[in-house]
Structures are given as C-alpha cells and as structure tokens.
Amino acid sequence: MRLYTAVAVSGFKRYATYRVATVAGVFTNTVFGFILAYTYTALWNERPHLGGYDHAQALTFVWLGQALLAAIGLLGGGFEEELQERIRSGDIAVDLYRPVDLQTWWLATELGRALFQLLGRGVVPMAIGALVFELRMPASPLTWLWFLLTVALAVCVGFAVRYLVSLASFWLLDGAGLSMLSGLLCLFFSGMILPLNVFPGQLGEIARALPWAAMLQVPADVFLEERRGSGLLEAFAFQAGWAVVLLAAGRALQSAATRKVVVQGG
Amino acid sequence: MAVGNGMGSAVDDLIELDGVEKVFQVRRKAGLMRRERREVRAVDGISFRVPRGEMVGYIGPNGAGKSTTIKMLTGILVPSGGRLRVAGIDPARERTRLARRIGVVFGQRTTLWWDLPLRDSYALVRRMYRIPDDRYRHNLDRCVELLNLGALLDVPVRQLSLGQRMRGDIAAALLHDPEVLYLDEPTIGLDVVSKAKVREFLRDVNAEQGTTVLLTTHDLTDIELLCKRVMVIDHGRLVYDGGLDGLHAVGESERTLVVDLERELPPIEVPGARTVRVEGPRQWLAFPANSSAAPIVAAVADGWPLVDLSVREPEIEDVIARMLHGAEDRAGRTS
Amino acid sequence: MAESAVANGLRAYGLIVGMWVRSTMAYRTSFLIMTLGNFLATGLDFVTIALMFTHIGELGGFTLDEVAFLYGTTSVAFGLADLVLGTMGRLGRRVRDGTMDTLLVRPVPILAQVAADRFALRRLGRITQAAVVLGWSLARLDIDWTVDRALLMPVMLLSGGAIFGALFVLGGAFQFWAKDASEVQSAFTFGGTTLLEYPPTVFGKELLRGVTFVIPLAFVNWLPALHILGRPDPLGLPAWIGFAAPLVAGGCCAVAGLAWRAGLRAYQSTGS
C-alpha cells in the first residue's frame with residue numbers, strides 16, 4: 001500500500017513539472033469551452049429545459065466537461081501512450097515479471113496524475129467559464145464532497161477503460177489508432193459533446209447505462225444536484241459497479257497478455 | 001563552382017575548426033517568480049584539424065561538449081563563433097548539401113524502420129540519398145559481408161538484438177559512401193562479440209575506403225583498438241590532442257588486477273603493483289596502464305593460492321580526471 | 001534552388017509516407033479494423049448534430065441540411081490537412097527525446113520528414129465519412145448552382161485544407177520553442193473544425209471577427225459556404241468575399257512557412 005501511495009505521489013509530481021503542457025491544455029480546454037457554450041446557448045434558446053437542464057445548468061455542463069477532460073482522461077492521455085509504447089517495443093515483458101502488480105501500479109500513477117490535472121487543468125477553465133457565463137454552482141457545501149468522490153470513481157472507470165484499450169494493442173497493433181477510436185467513442189458516450197439526457201429514446205437509455213456515462217454524465221449530475229438522496233447512492237453504485245467489472249476485465253486481459261508474452265517470448 | 005573546398009592546402013584537411021564556440025542561454029528559476037539568465041559556454045574556443053582518412057577518438061566527461069561539437073560538425077547546431085568547415089562546406093549554412101557527404105550514427109537512436117525488414121530501410125536510404133544502383137549494390141554487399149547481415153536482411157528490425165541493430169545502423173550510414181563518419185557511442189550496450197565485430201568493420205572501412213572517422217565513446221578499448229589520435233575535451237576546451245600513449249602517460253592511469261584467493265590473506269605484495277583494496281578473499285591490485293599485466297599475474301600465481309583473476313581497464317572518466325588532475329598538480333608545482 | 005527544394009521535399013515526403021504505408025500493411029487486419037473504426041467513430045460527431053435536431057427544427061436559423069453542409073465542408077478540408085500533416089503535433093516529442101537530430105542529418109527538407117512521420121492511412125476513414133455527409137447534404141439541399149457557386153466548391157475545399165494545413169505547420173513550428181505545447185495546436189485545428197461545423201449565427205460577433213480577420217478560419221467554409229447557400233454574412237461582408245479563400249490560404253501558408261523557418265533556426269541555435 002505504501003508503495004502505491006509513493007507511486008501516486010510521483011505521478012502527481014511528474015505532471016506538476018509539465019508546466020508548459022498544463023498551460024497549453026488549459027488554453028485548449030478554454031477555447032473548446034467557449035465554442036460549446038455558444039452552441040449550447042443556441043440549442044437551449046430553441047428548446048429551454050431540454051433534457052431537464054435550464055440554461056445555467058447546460059452551460060455548467062460544458063465547463064465541467066472541459067475541467068474534467070484531462071483528469072478523467074476522456075480523450076485518452078496519461079499512461080496510455082506510455083504503456084502502448086512499452087508493448088510496441090517489447091519492454092512490457094520486463095514489466096509483467098516485476099513483483100508489483102502492473103494494473104495497480106498504473107492505476108496509482110493515474111490517481112496521482114488525475115489529482116494534479118483536476119487542480120492544474122480544471123480550476124482555471126471552470127473559473128473563466130463562471131466569469132463569462134452564468135453557471136450553476138452547488139447550493140449545498142456537502143455536494144462538493146460528493147463531487148470529489150464521484151470524480152475519483154470516474155477516474156477509476158476512465159482508467160479501467162483505457163487500460164483495456166492499451167492492452168488491446170497486444171493483438172491489434174495500431175495503438176495510436178485504437179486510442180483515437182476509444183477517444184471518439186468516449187467523447188460521444190460520456191456526454192462530452194452533448195449531455196446524455198438529451199439523447200432521445202432507446203439510444204438515450206442505452207448510452208446512460210454504458211460505462212462512459214460514469215465518466216462525465218454522472219459526475220456532472222452530482223455537481224448539478226440532479227442526483228440527491230438515494231439517487232446519489234445509485235450514482236455511486238453505478239460508477240463503482242462499472243469500475244469493478246472493467247478492472248476485473250483488465251486483469252483478465254493482462255493475464256492473457258502475460259501468457260502471450262510467455263509463448264512468443266515478447 | 002566550389003569555393004574554398006580545401007584545395008591547395010598542403011594537407012587535405014577534411015575537418016577544420018578554428019576557435020569554434022557554442023554559447024547557450026540557460027534560464028533558471030531563482031526564487032518564486034524571478035528567472036535568471038545565465039550563459040553556458042558548452043564549447044569554448046576549440047580548434048583542430050582532421051586530415052582525410054584519419055580515425056580520431058573524441059572523448060571527455062559527460063557534459064564536456066562532445067555532442068555539441070558533433071552537432072555543429074553535422075549542421076544540427078549553429079556555432080556562436082569561430083570558423084568551421086567540413087569538406088569545405090559550412091555545415092550550418094548548407095546542412096542538406098553536407099548531409100550527402102557525411103554519415104552519422106547516434107548510439108542509441110536507431111534510424112531503422114521498426115516494423116519493416118532491414119532491407120527496406122536500406123532501400124529508403126538509397127532513394128533518399130539518390131545512390132546510383134551499382135554503388136548501392138556494391139556497398140550493401142560489402143556491409144552485408146563484413147557485418148554479417150546476410151541472415152538479418154529480411155527480419156523486421158524490432159526482432160533484432162541491440163548489437164544486430166547497431167550493425168544495421170552503421171551499414172545504413174555508409175551506403176552513400178560518406179567521406180566522414182561520425183559515431184556517437186557506437187559500442188554502448190553491446191555484447192563482447194558485437195563490439196569486436198563493429199570495431200573490426202570500422203577499421204576495415206577506414207583502411208580500405210579511406211573514410212575519415214570521428215568517434216565519441218566511453219569505452220577506452222574502442223579508442224585503443226581503433227584510433228591513433230585522441231582528442232580530449234573538458235569544460236568546452238580541448239585539453240589534449242595526441243597519441244593514446246601520451247594520454248596514458250599524461251594521465252598516469254592505472255589498470256586493476258582483481259584476484260580471488262583461496263582464503264582471506266594479508267595484502268599481496270608484488271613488484272610493479274600495489275594493493276588498493278581487500279575484501280575477504282578478493283584483492284584489487286593497481287598497476288600502470290601502459291605496462292603488461294603478465295609479470296604481475298605470474299608473480300601472484302607463484303606466491304599466493306590463486307583461484308580466479310580478471311583485469312579491469314581504466315574507466316575513461318578516471319583517465320581524464322587523473323589527467324586533468326595531473327595537469328593541475330604540475331601547474332601548481334611550477335608556479 | 002527554392003523550387004528544387006520543394007520538389008526534393010515532396011519526393012522525400014512520398015518516400016517516407018510509402019514506408020509508413022508498408023509498415024501499416026504489415027498488420028493488414030489491424031489496418032482494416034482501424035480504418036473502419038475511424039470511419040464510424042468520426043461519424044459520431046455528425047450523429048451528435050443529428051441528435052440535436054431531433055429536438056429542434058433550426059439552429060441559429062440553419063436547417064439540419066445546411067448544418068450538414070457546413071459539417072461536411074469543414075470536415076473534408078480538415079480531413080485533407082490531417083491526412084497530409086496530421087502528425088505535426090509529435091514534433092515537440094521529437095525535440096524532447098532528441099530524435100529530431102537524426103532527421104537533421106539527412107539530405108532532405110526537415111518539414112517533409114516531420115510531416116510524413118507516422119503517416120496513418122487510416123485517416124482516410126475520417127475523410128470518407130466527411131465526404132458522405134457532404135454528399136448527403138448536397139443531395140438534400142436545393143442549391144441554385146450558378147457557375148461561380150460550382151466553381152467555389154472545389155476551391156473552398158482545397159483552400160480550407162490549405163488553411164488547416166498552415167495551422168498544423170504553425171502549431172508544429174511553435175513546438176520548437178515550447179516543446180510541451182502540442183495541445184495549443186488542437187485548439188485551432190480540432191477546435192477550428194468543431195467551430196465551423198455550426199452556423200456562424202450561433203456565435204458572438206467578437207468571435208466571428210476574430211476568426212475572420214485574426215485567425216482566418218472563417219475562410220475554410222463559412223464565408224464561401226454562405227455564398228453557396230445564398231445566405232448573407234452575419235458580419236455584413238460582401239458576397240464575393242468567399243472567393244478570397246485561396247488568397248487567404250496562400251497567406252496562411254506563407255506565414256506558416258516563415259514561422260517554420262524561424263522555429264528551425266531557433267532549434268539550431270539552442271538545440272532544444
């Protein structure tokens with residue numbers, strides 16, 4: 001446990017040293033925030049209360065998405081490319097024989113990274129958004145606490161998905177292509193481009209049940225206080241459930257990969 | 001018309017440096033917000049000449065300015081001062097033209113195509129450098145033969161070992177008949193057999209093709225086996241330029257004989273060596289690098305219960321440190 | 001001299017791209033899956049817009065067919081630039097890990113080498129998808145095809161591609177100074193194409209002025225497309241302004257070229 005705490009701390013520190021990258025990322029998130037905020041304004045002007053959100057909630061959703069994009073890894077990033085590069089170069093064979101658990105190791109670095117990026121890349125776009133547009137901040141101080149918890153769970157689900165994607169490059173050899181595919185799916189099904197409660201009928205129901213919903217839609221609804229009381233519990237259970245299922249799947253894929261390495265010798 | 005390509009000078013100097021400098025502006029954090037600018041003179045007025053066909057070792061501690069020099073010689077970096085010519089060309093101004101006439105091997109950065117067979121990488125080099133067909137076939141055959149690449153040509157590069165890849169990289173750098181070959185740590189990380197093969201090949205290329213070779217290395221054996229001339233750089237200045245023997249003498253460097261005895265014994269005393277360390281049954285004996293180990297080994301084997309032994313070459317950093325130290329000492333004594 | 005450098009660069013670009021295509025074909029199944037995946041996944045962008053239109057009839061006064069036209073034109077232009085120059089974002093990484101140096105010792109222009117780096121044929125998936133949406137919108141729209149409008153179509157797509165291409169090169173050049181700032185490039189390229197998918201009437205006047213006169217993204221599709229669709233420009237610019245797209249594209253490329261040279265020179269004097 002102490003080992004993994006140290007790993008998480010080093011993940012935090014490592015990303016804290018990438019100052020230029022952080023500033024660049026904040027800039028990009030802010031630009032996208034503005035573009036989406038304008039389109040949402042137009043959309044909600046046509047149909048006020050679309051998906052049960054009012055104007056301010058819709059705009060808050062936009063800026064939340066930009067603030068959480070890096071932390072939850074909605075577009076990939078973090079360990080993903082590094083792990084794929086190790087698979088490509090064959091260095092992964094060494095990692096699989098280390099006495100530490102590969103998945104837990106990477107999860108720990110991801111938690112450290114996410115905490116830094118939540119602060120480093122989340123606060124400024126959110127603040128700019130709040131300055132320029134009218135946003136809906138939580139009424140109850142307790143909501144902030146629930147928000148942190150839901151974001152932590154979202155990070156776990158995001159990690160689990162990308163861990164599966166990364167390991168898939170053991171079999172499908174175009175790692176960059178896979179990440180790009182997974183990123184596009186994630187943007188769509190997390191609600192990043194359009195909130196899932198705006199998705200019509202069956203599609204909406206399916207999208208809200210998929211793991212990507214746990215990455216942005218659920219945290220946003222917690223923040224917007226759309227989930228309260230037992231709804232809050234359901235939200236956490238939904239996220240935790242997907243996290244457990246996907247992490248277990250990642251573990252299974254990891255042992256399959258280990259067998260493949262053993263057979264082929266890397 | 002080629003201008004000033006060294007024609008007419010008494011000796012055909014392929015590489016010419018006159019007072020070459022490279023100054024970097026480094027910004028450092030000083031306090032919370034303030035950043036201070038500092039000048040780092042990575043190369044501080046270096047002058048030397050390398051005649052065509054020579055093989056020169058270029059050594060120095062990490063950060064001494066070795067790679068900066070090589071980068072200026074290849075046109076990757078623009079010098080801050082001084083005059084620099086390679087084959088009569090100013091590298092910074094005509095980088096691409098010079099590129100056709102030089103070969104570069106960066107120790108740990110392969111230029112080969114990871115997922116493709118070695119042969120494909122060479123085909124790309126052929127077309128990129130517009131190598132005539134007959135030259136290409138001739139050079140490739142030669143490299144394949146001398147570097148034992150025959151069985152590897154159709155293997156994807158990712159499946160090659162480090163040593164095989166390095167051999168592949170060296171061949172790739174020689175297909176276009178470069179007049180000068182720069183090698184940055186060509187034997188780093190290689191096994192003994194690969195090292196030997198690479199060295200043998202470089203000697204052949206230099207002797208038969210007359211290719212000028214400039215190599216940086218951490219392995220003194222590379223220099224010992226390949227170069228008659230060594231240049232040592234430290235803190236951006238050339239502190240030694242001459243034969244390898246001179247380097248050893250100036251540096252008074254030592255080799256080490258490590259002996260394992262049957263049991264713990266008091267320090268061995270043999271003429272020509274001194275015991276510098278004892279650890280259980282293992283002892284370390286230092287002796288001058290330019291003298292033979294044979295009489296010392298014989299003396300030890302004669303008088304002590306010897307189980308095993310090995311000879312360690314002096315580390316290049318040590319040699320340089322001793323040399324610089326020695327120079328300072330002498331300077332101190334005379335003043 | 002300059003002309004032969006361009007020819008040499010194009011030739012080298014072709015050679016390196018050829019190598020990447022061969023590398024890709026070493027894993028043919030992977031390539032096919034990826035291209036198909038790319039085709040479908042980039043289509044989700046348009047699905048999002050279609051989903052919006054399940055709730056509304058018009059967005060900023062534009063119908064779904066018109067928005068599809070905007071989406072198709074900017075996405076084809078972006079797809080072209082992305083196909084040719086999509087890996088410029090990796091330049092900073094090359095500076096960081098030192099592999100930039102291995103490119104500098106080859107006898108071919110550095111821009112061609114960086115542009116061709118990790119060329120991915122699967123990007124054809126994105127262009128195909130964009131072209132399908134564009135074709136769909138053209139079939140449904142009732143455009144009054146005068147000669148100038150017909151002429152403007154290909155001019156718009158190529159100029160748009162060139163403008164995006166210039167932005168990719170500019171973003172790459174910027175990384176010679178700020179090697180970790182690859183994301184800034186996305187703000188203008190990916191951000192730009194996202195912006196241009198929607199009608200200009202959705203956005204504020206300030207932003208419209210910015211993308212018309214400062215970073216001329218509006219010339220990628222908005223201004224020419226408004227003319228083809230027979231709609232007035234929200235900034236009140238004359239209708240012929242769309243025809244200025246090739247000039248604007250040329251200007252962008254010139255600026256990008258200068259920035260690239262400056263960046264390379266900065267790299268050669270600092271080495272990092």
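What's counted below: heavy atoms across the whole structure, side chains too, no hydrogens, waters or symmetry copies. Chain letters run A, B, ... following the sequence lines, proteins first and then strands; every chain starts at 1.
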Would you say the side chain of [Y] lies within less than 4.5 Å of the side chain of [X], judging by non-hydrogen atoms?
X: A:E81; Y: C:R93; value: yes
X: C:V184; Y: A:V23; value: no
X: A:R121; Y: C:E183; value: yes

Using a cut-off of under 4.5 Å for heavy-atom pairs, which of A:L185, A:N29, A:L187, A:L194 has the most such pairs with chain C?
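The option with the most such pairs is A:L194.
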Euclidean distance, [Y] [atom2] relative to [X] [atom1], rounded to 0.5 Å:
X: C:S186; Y: A:F32; atom1: OG; atom2: CZ; answer: 7.0 Å
X: C:I56; Y: A:W44; atom1: CD1; atom2: CH2; answer: 10.0 Å
X: C:M52; Y: A:Y40; atom1: CE; atom2: OH; answer: 6.0 Å
X: C:R122; Y: A:M180; atom1: CZ; atom2: CE; answer: 7.0 Å
X: C:F190; Y: A:L75; atom1: CZ; atom2: CG; answer: 8.5 Å
X: C:F53; Y: A:L43; atom1: CZ; atom2: CG; answer: 9.0 Å

Flag if over 12 foreign heavy atoms under 6.0 Å of CZ, C:F174:
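Not buried by this count: 12 neighbours or fewer within 6.0 Å.
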Parallel under 30°, tilted from 30 to 60°, perpendicular over 60°: which one fits the rings of A:Y38 and C:F203?
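Perpendicular.
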Hey, does the side chain of C:T48 reach the backbone of A:I193 with a donor-acceptor pair shorter than 3.5 angstrom?
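No; zero donor-acceptor contacts below 3.5 Å.
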Between C:H55 and A:V198 (side chain of the first, backbone of the second, donor and acceptor by atom type, cut-off under 3.5 Å), is there such a pair?
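It does hold such a pair.
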Residue among C:T54, C:T42, C:T24, C:L195 with most heavy-atom pairs under 4.5 Å to chain A
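Winner by heavy-atom pair count: C:L195.
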Could you report the tightest heavy-atom contact between [X] and [Y], atom names first, then the distance?
X: A:F188; Y: C:V47; result: CZ-CG1, 3.7 Å
X: C:L44; Y: A:L184; result: CD1-O, 4.1 Å
X: A:A24; Y: C:A181; result: CB-CA, 3.8 Å
X: A:I35; Y: C:G191; result: CD1-O, 3.3 Å

Given side-chain contact (heavy atoms from CB on, under 4.5 Å), test C:L51 with A:L203 step by step and report yes or no.
CA-CA 10 Å; C:L51 288 184; A:L203 179 66; 3.8 Å; yes
